[in-house]
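In the text below, chain A, chain B and the rest are named by the order of the sequence lines, each starting its count at 1.
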Amino acid sequence: MKAASFEHHEPTTVEEAVSLLESLDEPTILAGGQSLVPMLRFRLARPDTVIDINGIDSLEYLHEEDGYLRIGALARHADVEDTDVIADRYGSFADAAPLIADPQIRNQGTVVGSMAQADPKGDWGSVLIAHDGEVTARGPDGERTIPVDELFLLPYDTSLMDDELLTEARVPAPVEGEGSAYHKLKRKTGDYAMAGVAARLVLDDDGRIEDAGIGMTAVDITNARAADAEAHLEGERPSADLFEEAGELAAEASNPESDEHGDAGYKERMVDVLTQRALGDAAERAGAVKRRVPQ
Amino acid sequence: MSSESDNTTEPTEYQHDDDGGPQPEKHCGHGRGGMGEEVTRKEDKRFITGRGNYVDDIKKPRMLHCEIVRSPHAHARIEDIDGSRAMALDDVVAVLTADDLLEHGLATMPTLMDDTQDVLVNDKVKFQSQEVAAVIATDRYAAKDGAEKVEVEYDVLDPVIGAEEALEDDAPVIREELDDQDDNHIFDWETGDAEATDAVFDAADVTVEEQMEYQRLHPAPIETCGCVADWDPGDDKMTVHMTSQAPHAHRTLFSQVSGIPEHKVRIVSPDVGGGFGNKVPIYPGYVVAAAASYVLERPVKWVEERSENIQTTGFARDYDMTGELAATENGEIKGVKVDVLADHGAYNAAAQPSKFPAGFFNIFTGSYDIEAAHGSLTAAYTNTAPGGVAYRCSFRVTEAVYLIERMVKVLADELDLDPAEIRRRNFIPSDAFPYESATGWNYDSGDYEKALDKALEMADYDHYREEQQRRIEEDADKLIGIGISSFTEVVGAGPGKQCDIAGIEMFDSADLRVNPTGNAVLRVGVQTQGQGHETTFAQIIAEELGMDVDNIVVEHGDTDTEPYGLGTYGSRSTPVAGAAAAVAARKVRDKAKSIAANELEAAEEDIEWDRESGEFHVAGAPERSITITEIAAGAYMNHPGSEEPGLEATNYYDPPEMTYPFGSYIVIVEVDRETGEVDFEKFVAVDDCGNRINPMIIEGQIHGGLAQGIGTAMMEHVTYDDNGNVTGGDFMNYLLPTAKEIPNFDTGHTVTPSPHHPIGAKGVGESPTVGSPPAIVNAVVDAMSHSGVSHVEMPMTPDAVWEALDEAELTLEPSANVDFAFDTSEEPADD
Amino acid sequence: MTDKREITLTVNGTERTVEAEPRKLLVHAIREDLDLTGTHIGCDTGNCGACTVLKDGEPIKSCLTFAVQADGSEIMTVEGMEDLPEASGELHPLQEGFREEHGLQCGYCTPGMIMSGKALLDENPDPEEGEIREAISGNLCRCTGYQNIVKSIEYAADELNKEPAAADGGTVTAEQRFADDDFDCGVENCCGGPSTETPHVEGADPQFDDVGGDDT
């Protein structure tokens, strides 16, 4: 597969990138390229111009700052795997990163690029949903913040304007009593999720769930929030029944399609399974439960 | 051609351990690298240093690139093709259509089953991605640009997907261009004795029946197919470097298709990045590149993309099978019946000997002594890519083995017998060989119980049976399943009188030349795609002539220099070409005796060959000895008057029979009752391939074949939607297992030499691919058979397994698997 | 067609320039412009990893990167392995490992596997089996079933950890290796011998510190 011709631009600042976005005719932004390059090669995407943002050094960061975990547009999946603060404090991120594709692709692909790609099978969208995350878009008129729930519209379609560049994804830093996790079912390494669920729980001093977040992968037209399940959890103490009910509510909220990799009914059931498993890990990481000894 | 006696003189002279004990001798410079030694591979250095030479690595001056325009529709009439916009591009040199090929008589090509396939579609497209036009340009990007600009008008027709649908009365006729073809039926085939089998079934205590599909697979070597065709108008000669498992047969076919005399066609198969049957057929891309080179008088390269490879080149399997067994109540199998519906795609292009329309499927009696058997098969055309190649398989033996090994498990469950025990009760006894099966096949040798016993011991079978029971009783989250397959293979085709490809008998060849300085060149007619021929064939010569393995070079793949052979597939290289190499070496040895006699001043009849020392000596006087190096010098510098100078021999080996490798595989799986996911707990493979040339290479072959078996059982499937669109046509959708899905394998072996093979070897490459899928399916079924599950179709996706669990009421209600009983008065622990 | 651009790459330690259209994949530049055909192409979707090279020390799929994106970077391909100091002028221990442990058959995936193995051992000199399997999980092999590839990389790890044994400037010879192995060919007075404990060198654990700290 060989891509059609395109012009290649390499801005070195965000401003330059935005001005290119504004002036060029339907350009495409190239970050990690691990989804875009195959699409270009198959000529499913054939832009006249590609704006390669890999030269914008200011977008290369991944750290906690001002109460947020901030992920710059050039932070790679592998960076998430290799960052200590994530391993220590962000269970769902630490779970999700190594489950994405394979090591080579994780060295190139970016978290923010994956958000911009808006593939319903992408993992990061669900993680951001569970964490009530948001993204920063920079356009000709400056920056705006888009909550993750308002980012995804359709498969591969976001609420970004044509002249906007996604520069950052961020989630609030965890508070006391918070735990999160991500579980994913896939047929093999390198394959996309048949289903995936990110869960986050915050427990108050009394052991009740103060806040819950559940994001789902590959079971709807976009990464989706299991809002009913979240609401059901909040204010309650973790229990087997509660998690079972939340699993069922998440499954009900999902809307998967049948394909070669699995029947819709099966995937719905797996949302239930994965939700409960993710809630279990999140609760354990929040210090609320203990893992059962496997039989 | 050698006399027949060449093939049978001097049977096995040696035998390594027959108890399957530890194999000796990693090659360490002290042995000579003969039979049974773990010689590291001679070919490896070029591969590990990046110096391999695959087709796409070839670059020739003035070389052009070919890109094929393919149909987006599965069934459509072509109304018009307009290449003018493509031709208008600067770097596009030519656009070829069927009309251009017709001018040169290259519009069609024969398939391996003697059907006629369009090289470029002349009238009607018959499967998605079929070749419609070709664009030749100065580089591969420009060729792609040109292909995109070729405008084709289609009249889209209703596609026919699935063999059953194809045979319905009102199905659209795919091959209406053929005389007398007014439906999609290709052939019916039958084997065995229907009447006798019915009688056995009528009298049986118990009968079982199961329907199972062997899904459409693709061999998917990591290197796709491709070629560089180079017509030399100076010599009127066509040279094609191509990804070929059978360069000589391809030369003959190329000559027949093109009309270029065969001596003016040279096929070179350089390093081949895996074949597995994918590179046995001729594909339109090769012919188009050759035609373009002929017309343009420049070298033309064509290399497939992965999606082209999976979507258009030879698929494998696609057999929908119904098996039945008749047995006594104590599990003695009396009869077997099988009925098959075969999807052959749009052309009958299956790769099997032309006398066997269903290949060697009639080996479906397996390892068992069964009184009566009957098989029938119907093949149909569909609007899917043609194929039916022997994917790491001898012509449908894989489907047969799957059928019988699955059915034995079904019967064991019906009778509540241990699946190991029921096999033991039915094995062909080791003293019954040579054995003729109910379908008329002559098994050379076997000791099935020994292999099974060894596998059971290695697998710690009894322990896992107890563990399985414990998990059932304790209603555990994960179930244990134990699957067995005690397969018998049939490999090494010919004999030429029974087996041929496009009329050419399936012999093979070796040409051995010993140089004056005592080293040697062996040229063979088979073609390695990773099997290690450059090492194993050299080991045969080292063994037979007392030379050091490092002093032998093995050449293959160039039809200008190598003797004619039928190629490497169906595990036939060792059984056939390996035999030819041994026989050629023995011919050299015979001549060497005469030279030795001359050198040692003794009578020729007094010269003895000592295999241990690898030297010739005078009978009764071992100190009067001579090596092959000294003899080689004598052959060129001091040849006896009774002999011609030089020291070389050629053998064309027509095997008297096929060989029958066998083995027992035991697979232990854990099945997750929440998700249907399957984990491999243990994977034991005991193989018997007769005498072993290089245990290291054999083990490597087995590992690789088992991984392919796991791919088959768990994930691989070329899928189509109702419109004939391939939905499993690239590596994002046609899933190959990675290092994380493949477990470590425990391999073991027994040694039962082939009595008719010169070195007693049988061939091993395909055993694991053939033998493992039923073991894996049997294991997954076994995890659920206590609740009545009798079958799960491949690929056993988590979804498919979960459905089976669900039907058997074995699924587990989802839970978080955590302990909620914590004391809320305490502070939550810090994480 | 758009204009070609001059791209400078340091390939296996040597600076090279390539004229390429922006759409040209790095793998095509490596194979066709630089004639380094050890790097292969096996799919078009980034699944097979036959095209794996190291870009600035990290394994990437060169079929999912345009050559222009690699402008100014250091690329290492299989052809560079023999020039590494660990190769002592001959084969690199990873290459030796693949040969000794029969880690290849058709050889097509091998260069990519070696590069993934190299990247792993650079970061983690003493990997567990699971870590090796993870490291090569982006490389498909259709021949070996992976088991011997894992052993090949383990072999190389052992050899590399053993290097100080030859710190006197000499190299570890094949004979010494055999002597150190617990391998026994079964022939009397031959290469079998007692296995010896091999010195273990813990490598520096590289941190992700080039894109901002994680300690704020």
Got a donor-acceptor contact below 3.5 angstrom from the B:Tyr734 side chain to the B:His218 backbone?
-> yes
Under 4.5 Å heavy-atom distance to chain C, tell me which part of B:Asp56 shows up: side chain, backbone, both or neither.
-> both
Under 4.5 Å from any heavy atom of chain C - which part of B:Glu305 | both
Partner chain B: residue of C:Thr144, C:Asn148, C:Thr110 with the largest heavy-atom pair count (under 4.5 Å) | C:Thr144
Heavy atoms of B:Met696 and B:Thr40 approach each other most closely as CE-CA, 3.9 Å
Could you check C:Lys162 against C:Glu159 for salt bridge (Lys or Arg N to Asp or Glu O under 4.0 Å), going step by step and ending with a plain yes or no?
-> CA-CA 5 Å; C:Lys162 213 185 271 182; C:Glu159 286 302 307; 3.1 Å; yes
Any chance you could measure C:Leu64, atom CG, to C:Asp44, atom CG, to the nearest 0.5 Å?
-> 10.0 Å
What part of B:Asp271 lies closer than 4.5 angstrom to a heavy atom of chain C: side chain, backbone, both or neither?
-> neither
Atom CD of B:Glu148: over 12 foreign heavy atoms under 6.0 Å = yes
Heavy atoms only, distances under 4.5 angstrom: which of B:Pro737, B:Gly711, B:Gly275 has the most pairs with chain C? Name it, please.
-> B:Pro737
With distance as the sole test, does C:Ser62 use its side chain to make a donor-acceptor pair with the main-chain N or O of C:Cys51 at under 3.5 Å?
-> yes
Counting only heavy atoms closer than 4.5 Å, note whether B:Pro219 contacts chain C via side chain, backbone, both or neither.
-> backbone
Chain C contact via B:Phe276 - which portion, at a heavy-atom distance below 4.5 Å | side chain
Turns out that what part of B:Arg140 lies under 4.5 Å from chain C's heavy atoms comes down to side chain
If one checks every heavy atom of C:His28 against chain B at 4.5 Å, the contacting part turns out to be side chain
C:Asp35 CG: over 12 foreign heavy atoms closer than 6.0 Å = yes
Test item: B:Asp44 side-chain N/O and B:Phe47 main-chain N/O as donor-acceptor pair under 3.5 Å | no
Whether C:Glu74 side chain and C:Gly57 backbone form a donor-acceptor pair below 3.5 Å = no
Top of C:Arg99, C:Met81, C:Glu129, C:Met113 for chain B proximity - count of heavy-atom pairs under 4.5 angstrom | C:Arg99
Chain B contacts, top residue of C:Pro111, C:Gly38, C:Gly107, C:Cys141 (heavy-atom pairs, under 4.5 Å) = C:Gly107
Using 30° and 60° as the class limits, which term best fits the ring planes of C:Tyr108 and B:Tyr54: parallel, tilted or perpendicular?
-> perpendicular
Count the heavy atoms of every other residue, nucleotide or ligand shown that sit under 6.0 Å from NZ of B:Lys45, and state whether that count exceeds 12.
-> no
Which portion of B:Gln531 sits near chain C, non-hydrogen atoms under 4.5 angstrom | neither
Could you tell me which portion of B:Ile710 (side chain, backbone, both or neither) has an atom closer than 4.5 angstrom to a non-hydrogen atom of chain C?
-> neither
Taking C:Gly42, C:Cys106, C:Gly80 one by one, which has the highest count of heavy-atom pairs under 4.5 Å against chain B?
-> C:Cys106
Proximity breakdown for B:Arg41 and chain C, heavy-atom pairs closer than 4.5 Å | both
Comparing C:Arg142, C:Glu79, C:His40 against chain B, the one with the most heavy-atom pairs below 4.5 Å turns out to be C:Arg142
Can you say whether B:Leu736 sits under 4.5 Å from chain C via the side chain, the backbone, both, or neither, judging by heavy atoms?
-> both
Checking heavy atoms, do the side chain of C:Leu104, its backbone, both or neither come under 4.5 Å from chain B?
-> both
